[in-house]
Amino acid sequence: MDSSNRNDSYNPQQIETKWQTYWSSNSLYEVNDDDSKPKWYELTMYPYPSGDLHIGHWYAMAPSDAHARFMRMRGFNVLHPMGFDAFGLPAENAAITRGIHPKKWTLDNIENMKRQLKSMGPIYDWNREVVTCLPEYYKWNQWIFLQFFKNGLAYRDKATVNWCPELNTVLANEQVIDGKDERTGAEVIHTEMTQWFFRITKYADELLDHSHIDWPEKIKNMQDNWVGRSKGVEVTFDISHYGLNQSELKTFTTRIDTLFGVTFIAIAPESPVLDGLVQESNQEEVLSYIESSRRKTEVERLSTEKDKTGVFTGSYAVNRVNGARIPIWVADYVLKSYGTGVVMGVPAHDERDFIFAKQYGLDINFVVAPSDKDERNLEEAYIEKGGIQINSGRFSNLNNNDAYEKIADYLEEKGWGSRTYSYKMRDWLISRQRYWGTPIPILYCEKCGVVPVKEEDLPVLLPDDAIFRSTGESPLKHQIDFLECECWKCGGVAKRETDTMDTFVDSSWYQFRFVSPNYTKGIFDKKLLNEWGSVDQYTGGAEHAVMHLLYARFFTKAMRDIGLLKLDEPFIRLFNQGHILSEGEKMSKSRGNVVSPDDYVSTIGADAVRCYLMFIGPWDQGGSWNDTGAKGMFRWLNRVWEISIRKPRGFATHSDEKDTILVRLVHQIIKRVGNDLEKFKFNTAIAALMELTNGLYANIDQEITEDSWSFAIESLLLLLSPMAPHITEELWERNGKKGSIHNQRFPDFDPMLVIEETITLVVQVNGRVRDKISVANNLGKDQAIELSKNSMKIQQYIQGKEVMKIIHIPNKLVNIVINN
RNA sequence: CGGGAUAUAGUCCAAUUGGCAGAGGCGUUUGAUUCAAAAUCAAAAGGUUGUGGGUUCGACUCCCACUAUCCCGACCA
């Protein structure tokens with residue numbers, strides 16, 4: 001090799017700018033809707049425009065871009081779009097603390113992030129960009145809201161809500177973790193408000209059906225747990241003797257087999273069924289208990305997890321199956337919103353009921369025993385199933401599982417109860433008391449009441465001249481020109497809804513907007529949506545398992561039932577990447593360890609950053625950014641550069657064994673890289689390419705034919721191009737190839753040329769390796785054993801010994817088992 | 001407390017699914033190059049596969065128990 005000439009050395013900045021400009025001006029990545037190739041829709045969760053693209057964004061986007069490029073080279077018409085999740089609180093906080101309008105703040109951020117995104121060299125077609133805070137987009141949020149409203153999927157209700165005092169807004173259940181706002185960590189307060197909901201519970205059962213999606217088990221489990229379907233029985237207890245409107249108390253239980261063990265009823269403090277049940281003498285105590293539990297924040301309730309409190313109402317219900325008179329209590333371990341808000345207390349067979357009963361000296365009656373004899377002490381509840389039924393009247397002595405069914409049958413016969421399901425999931429509360437979101441298109445008319453905005457009046461625009469208050473209170477409440485309007489029904493005075501929508505509404509259907517992002521005649525072009533269909537491959541963080549991913553599935557099903565589309569699922573395949581750390585630690589400004597991609601793009605180049613992120617380890621396991629590791633990747637790309645533009649000293653005129661071996665290596669690598677990329681195993685794909693580079697370097701002074709050498713270099717570039725699009729494009733050109741490398745087919749391997757001529761056969765004696773012999777590939781069993789036995793080394797071990805058996809694994813080993 | 005993931009060379013990670021523990025990167029050492037260093041090229045060293053048991057001719061791989069780390073969900077009757 002001759003010494004390096006300055007102009008010929010790898011200069012990432014120069015070529016990356018060159019090719020990004022070229023691709024853009026030649027519209028290389030513009031997506032053609034009419035392409036006849038099979039479609040492939042690959043989507044990465046779009047980012048919130050926080051202002052700066054950090055390495056975590058790259059970690060999410062670079063590998064999916066590489067995979068989309070791979071599919072493109074495999075002959076698919078690939079849609080791999082990008083947009084911005086542009087509504088949300090940070091923009092509003094910027095307005096409050098720095099006086100910048102959320103719109104300006106957001107759009108400026110988007111501009112900067114787009115510049116950064118482009119520096120990554122992705123195949124995003126920017127003509128298809130979606131920005132959710134623009135009226136062209138959120139108009140359709142409002143339109144969908146109206147369709148949901150028309151179809152009974154959006155409704156207004158008074159409910160106990162999670163109020164975040166920090167943000168001055170309510171939160172969805174999904175946004176509350178351990179009684180705290182998942183974003184700010186502020187303690188959430190429960191309060192009554194009238195709010196808008198989407199009826200996601202209507203789809204609870206269908207959301208449990210995963211037969212049409214190929215998702216990680218973990219995510220499916222999380223969604224199942226969130227929906228939380230429990231099979232059980234709704235059973236009633238008689239309170240007709242009080243002469244109230246309600247003659248019975250309805251409870252839900254998953255353990256109807258323990259019905260004979262009920263020793264108290266517990267009702268949630270907020271429950272309306274308490275009305276009339278509190279006796280005069282208990283009134284004061286009960287009221288003060290209700291008041292005190294209302295004042296408790298969620299955090300306080302959880303902090304006293306172990307002890308259960310409650311007060312007696314003074315009333316009794318009758319357990320119809322045995323006529324038992326059961327005291328009715330109020331207890332705040334009972335949740336109003338789950339089941340019926342009333343629990344049948346069976347201390348003997350439920351841990352919580354047990355603690356409660358112990359606390360207040362209530363009876364504990366065992367009705368299920370592990371064996372015929374009841375020898376248990378009363379130290380804890382017996383919660384196992386499958387024992388023998390005892391103390392249960394006519395159901396005694398049955399197997400516990402049979403008793404469950406028999407008791408359920410009996411109750412249904414008598415009309416005292418029925419089998420049913422209960423769900424943890426509640427309807428989705430979408431109202432937010434904030435400015436920077438989609439206005440809910442509703443009017444409140446003094447005469448007509450709740451009036452949806454007419455479709456032709458959409459969008460309801462956010463006023464640009466809003467005045468932001470330091471309290472965070474929504475400016476819309478004080479924006480007279482927004483607030484006051486005319487009712488289109490009666491012409492009277494009406495007020496606009498001032499709440500805006502949860503931003504998860506935006507991301508619940510953005511995947512469908514990408515197929516026709518500039519369409520103005522409807523929410524999307526139905527013809528194009530039919531063609532592109534569901535997202536074939538979705539990638540993003542697992543933290544969205546029960547919010548975004550569940551909401552998007554709900555939207556798809558709801559939109560299908562309204563007749564807007566014909567799909568059952570939004571995302572067919574899902575892959576969750578792991579988290580990128582910085583030298584083993586979480587990245588944060590306070591730690592001062594934030595890795596800024598821009599810095600590395602300007603030194604080692606985008607290709608090295610992309611490849612390094614993919615090389616760290618398995619994508620779903622995340623990894624740790626390491627500067628020397630990243631430099632190592634840059635070093636390797638230099639090696640790729642060198643080997644691709646230098647030529648060996650000379651070429652052979654005839655192919656010999658070295659030549660064959662090199663060609664075989666190339667075919668093997670093609671096979672491995674293709675397989676790896678299919679499975680998102682970028683780390684091993686790149687390792688294989690490093691092996692190929694090493695193989696080429698080892699041959700640089702050998703006499704290889706020109707054809708074989710060119711084939712090897714060409715393959716290396718093609719295989720690497722999805723990961724490192726710039727350097728490969730440049731080297732493709734420098735090798736005199738026509739057209740963009742990114743419009744080439746991904747190489748195919750020849751199955752015949754992958755096969756090794758000789759293999760190493762391991763010979764074991766009693767499972768220990770005693771020799772390795774080189775034999776022809778696909779050697780027959782008898783020959784393999786014969787050769788093994790003839791080995792000098794093996795002879796030493798087996799001579800004079802009785803051979804018990806011989807195990808032969810073709811092309812792998814021969815194990816001779818002898819009797820010692 | 002429950003569910004899931006992970007544990008292999010100093011380090012990040014491979015291992016065709018039960019068959020030689022090693023592909024690749026980083027680091028280390030040595031050699032070439034250099035006046036010297038960096039860069040580059042070449043080579044080498046490095047192991048009780050977290051622990052204990054079981055199955056098997058054979059276990060990193062399968063089964064059981066445990067430990068450590070990480071993620072998620074936790075009063076759902």
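A, B, ... follow the sequence lines: proteins, then strands. Residue 1 opens every chain.
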| said: Partner lookup for B/rA44, please. Criteria are Watson-Crick or G-U wobble with both distances under 3.5 angstrom; report none if nothing qualifies. | reply: B/rU28
| Under 4.0 Å between a side-chain N or O of A/Arg639 and OP1 or OP2 of B/rA42? | yes
| message | Need one value for A/Gln764: base, sugar-phosphate or nothing, where a base atom within 4.0 Å counts as base even if backbone is also close, heavy atoms only. | response | base
| query | Pick one for B/rU17: is it syn, with its angle within 90° of 0, or anti? | reply | syn
| message | For A/Phe682 and A/Phe680, take the angle between the two ring planes, folded into 0 to 90°, and tell me which bin it lands in: parallel under 30, tilted 30 to 60, perpendicular over 60. | response | perpendicular
| said: If the cut-off is 4.0 Å, is A/Thr684 near the phosphate of B/rA23, judged by side-chain N/O to OP1 or OP2? | reply: no
| message | Mind checking if A/Lys336 touches a base, just sugar-phosphate, or nothing, with heavy atoms under 4.0 Å? | response | nothing
| field | Under-4.0 Å side-chain N/O to phosphate OP1/OP2 contact, A/Arg635 with B/rG27 | value | yes
| query | Pick the nucleotide of RNA chain B nearest each of A/Asp353 and A/Trp636; which residue has the one closer to the 5' end? | reply | A/Trp636
| field | Rounded interatomic separation in angstrom, taking CG from A/Asn815 and C1' from B/rC57 | value | 5 Å
| query | Reckon A/Lys772 has a side-chain N or O less than 4.0 Å from the OP1 or OP2 of B/rC20? | reply | no
| query | Between A/Tyr338 and A/Phe252, how do the two ring planes meet: parallel, tilted or perpendicular, split at 30° and 60°? | reply | perpendicular
| query | How many Å lie between CZ on A/Arg255 and C1' on B/rA77, as a whole number? | reply | 11 Å
| said: I want to check one thing: is the phosphate of B/rA38, taken as OP1 and OP2, less than 4.0 Å away from some side-chain N or O of A/Lys631? | reply: no
| request: Taking atom types as modelled, find out whether A/Asp205 and A/Tyr423 have a side-chain donor-acceptor pair closer than 3.5 angstrom. | output: yes
| field | Nearest-nucleotide 5' precedence on RNA chain B, A/Ser624 against A/Met633 | value | A/Ser624
| said: On the nucleotide B/rA14, are OP1 or OP2 found under 4.0 Å from the side-chain N or O atoms that A/Asn683 carries? | reply: yes
| message | Using side chain to side chain contact (heavy atoms under 4.5 Å, CB included), reason through A/Ile806 and A/Asn815 one step at a time and then give a plain yes or no. | response | CA-CA 6 Å; A/Ile806 297 176; A/Asn815 185 12; over 6 Å; no
